[in-house]
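Heads up: the structure comes next, in structure tokens.
Each residue takes its place number in the sequence, starting with 1.
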Amino acid sequence: MGSRGEVSEDFRKQVLGYGLTTAQILYRMPDHRSLLQTYVWQNYDLFPKFPALQDFLAFWQEKIEGPLHSVTVAHSKLIKPAELRAVDGVFRLN
């Protein structure tokens with residue numbers, strides 16, 4: 001964390017609408033194309049176009065030898081309204 005009063009870059013992104021994005025990437029092994037390997041990528045990204053993930057996948061296809069098989073994406077906004085529910089009663093313990 002930075003100095004006192006400084007806000008982290010991750011928090012700034014969340015305020016701007018970014019959410020935590022996790023992608024499970026299945027790719028073929030370069031030497032054994034019939035075998036699949038998994039890679040998990042996680043970063044803050046914007047739903048629904050996922051520009052950071054798109055950039056990463058473009059980098060993968062250009063620089064990494066293992067061809068992509070499939071990508072599964074999960075996304076959650078971390079800053080959202082509080083979830084409230086009604087309570088039927090109040091219980092006090094002394």
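- Between F50 and V73, the shortest heavy-atom distance links the atoms CZ-CG1, 3.9 Å.
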Determine, stepwise, if the pair Q42 / T21 fulfils side chain to side chain contact (heavy atoms under 4.5 Å, CB included).
CA-CA 6 Å; Q42 192 171 57; T21 303; over 6 Å; no

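- V15 is listed as a side-chain neighbour of F11, based on a closest heavy-atom distance under 4.5 Å.
- Nearest heavy-atom pair, G66 versus P30, reported as atom, atom and distance to 0.1 Å: N-CG, 3.9 Å.
- Side-chain contact between L68 and Q61 is present, with at least one heavy-atom pair separated by less than 4.5 Å.
- The aromatic rings of F56 and Y39 lie parallel to each other, with less than 30° between the two planes, well short of the 60° mark.
- Note that the CZ atom of R12 and the CD atom of E6 stand 7.0 Å from one another [nearest 0.5 Å].
- Under a hydrophobic-cluster definition in which Ile, Leu, Val, Met, Phe, Trp and Tyr are linked whenever side-chain heavy atoms come within less than 4.5 Å, directly or via other members, F47 and L16 are assigned to different clusters.
- The distance from atom NZ of K13 to atom OH of Y18, rounded to the nearest 0.5 Å, is 6.0 Å.
- With K77 contributing its side chain and G17 its backbone, the two residues share a donor-acceptor pair below 3.5 Å.
- A distance of 7.5 Å separates CG of L36 from OG of S70, quoted to the nearest 0.5 Å.
- For the side-chain contact (heavy atoms from CB on, under 4.5 Å) with W41, the qualifying choice from V71, L53, L57 is L53, the only one to do so.
- The line from CG of L35 to CZ of R28 is 9.5 Å long, rounded to the nearest 0.5 Å.
- For E65 against R33, the heavy-atom pair with the smallest separation is O-NH2, 4.2 Å.
- Taken from CG in L20 to OH in Y44, the straight-line distance is 5.5 Å, to the nearest 0.5 Å.
- Taking all atoms of both residues into account, the shortest heavy-atom contact from D45 to H75 is O-CE1, 3.3 Å.
- Considering all non-hydrogen atoms of both residues, K49 and Q54 come closest at O-CG, 3.5 Å.
- When side chains are defined from C-beta on, I25 does not count as touching V40, because their heavy atoms never get closer than 4.5 Å.
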